[in-house]
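In what follows, a single structure is set out as structure tokens and then discussed.
Nothing fancy with the numbering, it's 1 onward along the sequence. Only heavy atoms go into these numbers, but all of them, side chains included; no hydrogens, no water, no symmetry mates.
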Amino acid sequence: LKREKKISDKLLFNIIPDSVVDRVKQGQVVADGFQSCTVIFARVHGMQGDTSSLSVFQTLSDVYYLMDDLTTHHGIEKIKTVGPCYMAVSGVPNVSADHAEKAVSFSFDVLAVVNMYNKKNGTNLGISIGINSGPVVAGVIGQMRMIYDLWGDTCNVSSRMMDSCPPGHVHIPLYVKDMLEANAADSGDGKVSTKLSKWSQVGQRYEVPKLVFIDRGTIDIKGKGPIHTYFVSPDRSLDKGPSFVVPKSISSMGLHSMM
């Protein structure tokens with residue numbers, strides 16, 4: 001019985017955030033409102049072959065394995081994958097004031113590791129990333145194959161940011177740009193250098209790279225109408241590669257040799 005309980009607990013911790021597992025085991029309904037968080041949607045492009053083929057499945061598995069490690073590194077919560085799309089959130093269920101900064105840093109590192117993967121495997125994958133910040137409701141749904149999921153307009157806009165983003169970019173609405181600038185110190189040269197942020201889940205501190213915003217103007221977003229949006233990227237003049245210590249998945253795939 002102890003062994004079965006251990007296996008059951010391990011499965012729960014793999015599909016549900018640690019902080020809500022006890023509530024689920026006690027039979028509680030888990031549905032919590034969060035006033036401010038950042039939702040991330042990423043889509044993988046450039047896979048060769050039929051989307052239902054085993055080779056495409058393996059490619060997605062490789063990329064998602066890398067992204068899973070990066071969520072742990074940045075204190076991001078993975079929500080789910082649907083085909084070539086990966087959904088994650090910063091600031092849920094563990095509230096953090098710097099959720100937007102974490103989401104941006106995570107996104108930059110996703111772009112970096114996919115580039116490494118391409119060089120290593122001779123592939124030509126691209127990633128479109130959409131980000132939006134705001135309120136959500138998060139909770140556990142279902143009894144069989146239960147999932148921790150998010151609801152709210154914040155998610156919808158983040159998804160639309162991804163849909164209207166070309167590969168290789170991180171796409172944000174004006175509101176998120178304003179949030180990042182409000183938490184940053186202007187360097188005086190038109191770029192933004194963020195302050196040191198607490199990496200709350202692991203008790204470390206890290207600095208988001210200097211940010212460069214590219215104005216896309218007002219574009220029509222399906223279901224939302226006109227929204228003023230930007231691409232955000234790290235200042236390439238200071239680019240020294242990914243911000244992370246090599247996670248186990250990067251090392252196991254041999255990508256660390258390309259950093």
For [Y], does its backbone N or O pair with a side-chain atom of [X] as donor and acceptor, under 3.5 Å?
X    : Y    : answer
T154 : P135 : yes
T59  : S55  : yes
T218 : P226 : no
S158 : V39  : yes
S159 : N156 : no

Determine, for R23 against D32, whether the closest basic-nitrogen to carboxylate-oxygen distance falls under 4.0 angstrom.
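Looking at D32 together with R23, the answer is yes, because their closest N to O distance falls below 4.0 Å.
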
Measuring from atom [atom1] of [X] to atom [atom2] of [Y], what distance do you get when rounded to the nearest 0.5 angstrom?
X    : Y    : atom1 : atom2 : answer
N132 : K224 : CG    : NZ    : 9.0 Å
E101 : N183 : CD    : CG    : 4.5 Å
S96  : I76  : OG    : CD1   : 7.5 Å
I219 : H171 : CD1   : NE2   : 4.0 Å
E77  : I40  : CD    : CD1   : 11.0 Å
L70  : K78  : CG    : NZ    : 12.0 Å

Determine the minimum heavy-atom distance between [X] and [Y], stating which atoms define it.
X    : Y    : result
F34  : A138 : CE1-CB, 3.8 Å
A103 : I131 : O-CD1, 4.0 Å
L60  : G83  : CD1-O, 3.7 Å
P84  : Y64  : C-OH, 3.0 Å
M161 : I172 : SD-C, 3.8 Å
L150 : M87  : CD1-CE, 3.8 Å

Counterpart residues, side-chain hydrogen bond (donor to acceptor under 3.5 Å, both in side chains), relative to T38 (two or more places apart)
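In terms of side-chain hydrogen bond (donor to acceptor under 3.5 Å, both in side chains), with neighbours along the sequence ignored, T38 is linked to H99, S133.
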
Side chains of H228 and D215 in contact at under 4.5 Å (non-hydrogen atoms):
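Heavy-atom side-chain distance check passes, below 4.5 Å.
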
Are I129 and F106 close enough that some pair of their side-chain heavy atoms sits under 4.5 Å apart?
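A side-chain contact under 4.5 Å is absent here.
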
Under the criterion side chain to side chain contact (heavy atoms under 4.5 Å, CB included), which of [options] is the partner of [X]?
X    : options          : answer
V104 : V176, D109, L180 : L180
T229 : K177, R160, R216 : R216
Y117 : V113, N115, N121 : N121

Quick one: do M47 and T123 satisfy side-chain contact (heavy atoms from CB on, under 4.5 Å)? Show the steps, please.
CA-CA 8 Å; M47 291 170 293; T123 50; over 6 Å; no

Counterpart residues, salt bridge (Lys or Arg N to Asp or Glu O under 4.0 Å), relative to D178 (two or more places apart):
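Salt bridge (Lys or Arg N to Asp or Glu O under 4.0 Å) list for D178, sorted by chain: empty.
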
Any chain of hydrophobic side-chain contacts (each under 4.5 Å) joining [X] to [Y]?
X    : Y    : value
V30  : V21  : yes
Y86  : V56  : yes
V157 : V137 : no
M146 : V89  : yes
I79  : V24  : yes

Transitive ILVMFWY cluster of I214, excluding itself - 4.5 Å side-chain cut-off:
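Its cluster partners, ordered by chain and number, are F231.
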
Does I227 form a side-chain contact (heavy atoms from CB on, under 4.5 Å) with Y175? I'd like the steps, not just the answer.
CA-CA 10 Å; I227 295 181; Y175 172 74; over 6 Å; no

Surrounding CG of D153 (heavy atoms of other residues, nucleotides or ligands, distance under 6.0 Å), is the total greater than 12?
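Yes - once you tally the heavy atoms of other residues, nucleotides and ligands closer than 6.0 Å, there are more than 12.
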
Using a 6.0 Å cut-off, check whether atom CD of Q35 has over 12 heavy atoms from anything other than its own residue.
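Counting other residues, nucleotides and ligands, CD of Q35 stays at 12 neighbours or fewer.
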
